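Bear in mind the structure is a predicted one, so any value in this text is a computation, not a measurement. Every number for a ligand or one of its atoms is a count from 1 in the order of the listing. For the single chain, residues carry numbers from 1 onward in sequence order.
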Amino acid sequence: MSAAEKQPVFRFAPSPNGRLHLGHAYSALFTAAEAKKADGRFLLRIEDIDLVRCRSEFVDGILEDLAWLGLCWDVPVRRQSEHFETYFKALDTLEELGALYPCYATRSEIRAAVESKADHPRDPNGAPVYPGLYRNASARAEPERPYALRLNHALALKLVREKLGHRPSFQELGCGPSGESGSLPVTPEIWGDVVLARKDIRTSYHIAVVVDDALQGVTHVTRGQDLFAATHIHRVLQVLLDLPEPIYCHHPLISDDTGRKLAKSANDQSLASLRESGVSADEIKQELGFAGL
Ligand code: GLU
């Protein structure tokens, strides 16, 4: 193995659906700092499969904001919207394994199926676990009607256990929201049958992220704790698709003065607006604990 192949690979993978804010800056700086400590490579990946919400002006904004923070990344930058075919192939493989099923359910059908059950389980994002409608319907019974593809999580876990001879685990070097760390058992059942191909874009975050991390040789996945629980799905997909296992390092989400977690959707102050108001990149790095990076 050459020195370049042995070098650890880290990535920052924002979605260009708004301007970057302090939470993104923390994640990017955290990833760059970890890459530096490990003498590794730092990649930037643009996760823009959602063609409605993602805009190229926000891609320009990401490049501008990260450069302003003084970060350098390897080029070319991978843009997921240029690789849909690659994600479709991974979905084909999962379909051939029998791990997916077409799901015609609408939001209102799902709501109706769960609303009468007060104790219906919720997934880590707080949404009701999919109640299994269409799980046993014959494949593509109505090809003209839009459908999503869902992971049959029980069957997928069975296939994974058969392949490995045991329940899979993942290595967490950081920690989950409840302090989870070390070698952790993979429990896709907390999510139920997640959507892996959305009705609109025919793929999903889960598929694109595991395929790209593997294709880009990412050895260390550093990201916010809001994505910790998604790792349970990602490890199942990695085993089913014969992809290498990265190490995970989830970091706490930074909060504003009131303790509220920062998110784009909450209109948090963008890096661009901080910059315009005269705040320097050094001040931001200092504030976030990365002075000197
Ligand atoms: N694109 C995701 C986001 O902006 C991050 C994906 C990841 O790091 O796995 O939240």
Side-chain angles (χ1 to χ4, degrees), residues 8-35 40-56 58-59 61-63 65-66 69 71 73 77-84 87 90 124-125 170-177 186 191 194-196 198 201 203-238 241 243-254 261-266 268 270-271:
V9 180
F10 295 72
R11 83 326 188 253
F12 174 58
S15 299
N17 49 22
R19 289 303 300 247
L20 298 187
H21 58 71
L22 279 177
H24 293 109
Y26 181 85
S27 202
L29 291 165
F30 178 89
T31 303
E34 291 299 308
R41 293 168 59 207
F42 174 69
L43 311 182
L44 170 66
R45 182 168 74 226
I46 302 296
E47 301 213 326
D48 57 350
I49 53 171
D50 190 327
L51 302 174
V52 174
R53 297 180 64 219
C54 295
R55 303 220 298 258
S56 64
F58 293 136
V59 178
I62 289 170
L63 302 178
D65 293 342
L66 296 181
L69 286 173
L71 297 177
W73 50 89
V77 171
R78 186 172 175 90
R79 284 187 68 152
Q80 292 191 324
S81 57
E82 292 166 2
H83 300 280
F84 278 101
Y87 312 135
N125 288 342
F170 66 95
Q171 304 305 317
E172 175 62 52
L173 289 190
C175 69
V186 166
W191 287 104
V194 286
V195 169
L196 292 188
R198 283 165 37 179
I201 54 170
T203 183
S204 60
Y205 158 65
H206 297 306
I207 287 291
V209 82
V210 296
V211 166
D212 281 357
D213 282 340
L215 277 175
Q216 295 191 285
V218 171
T219 55
H220 292 68
V221 173
T222 50
R223 59 188 178 195
Q225 281 173 349
D226 52 336
L227 291 168
F228 171 80
T231 312
H232 293 278
I233 303 295
H234 299 171
R235 275 301 294 140
V236 166
L237 297 179
Q238 285 155 359
L241 294 169
L243 304 177
E245 176 184 358
I247 292 168
Y248 287 90
C249 186
H250 291 90
H251 60 72
L253 301 179
I254 62 160
K261 305 275 190 252
L262 294 174
K264 274 173 290 203
S265 51
D268 292 299
S270 67
L271 295 179

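Of the N and O atoms on the side chains of Arg78 and Gln216, not one donor lies less than 3.5 Å from an acceptor on the other residue. In this model, no donor atom of one side chain and acceptor atom of the other lie less than 3.5 Å apart for Tyr205 and Asp50.
Counting heavy atoms under 4.0 Å from ligand 1, residue Pro14 touches it through the backbone alone.
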| request: Check the pair His251 / Arg223 against side-chain hydrogen bond (donor to acceptor under 3.5 Å, both in side chains), numbers first and verdict last. | output: CA-CA 6 Å; His251 60 72; Arg223 59 188 178 195; over 6 Å; no
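At least one heavy atom of Tyr205 sits less than 4.0 Å from an atom of ligand 1.
Close approach of ligand 1 to Val209 is summarised as follows: ligand atoms under 4.0 Å from at least one heavy atom of the residue are 9 (O).
His83 contributes no side-chain N or O that, together with a main-chain N or O of Gln80, makes up a donor-acceptor pair within less than 3.5 Å.
In this structure, Phe10 has its ring center at least 6.0 angstrom away from the ring center of Phe30.
Within the set Val218, Ile49, Leu227, the minimum heavy-atom distance to atom 10 (O) of ligand 1 is found for Leu227. With distances taken over non-hydrogen atoms, the option nearest atom 5 (C) of ligand 1 out of Ser15, Ala13, Pro16 is Ala13.
Below 3.5 Å of separation, one finds an N or O of Arg11 facing an N or O of ligand 1.
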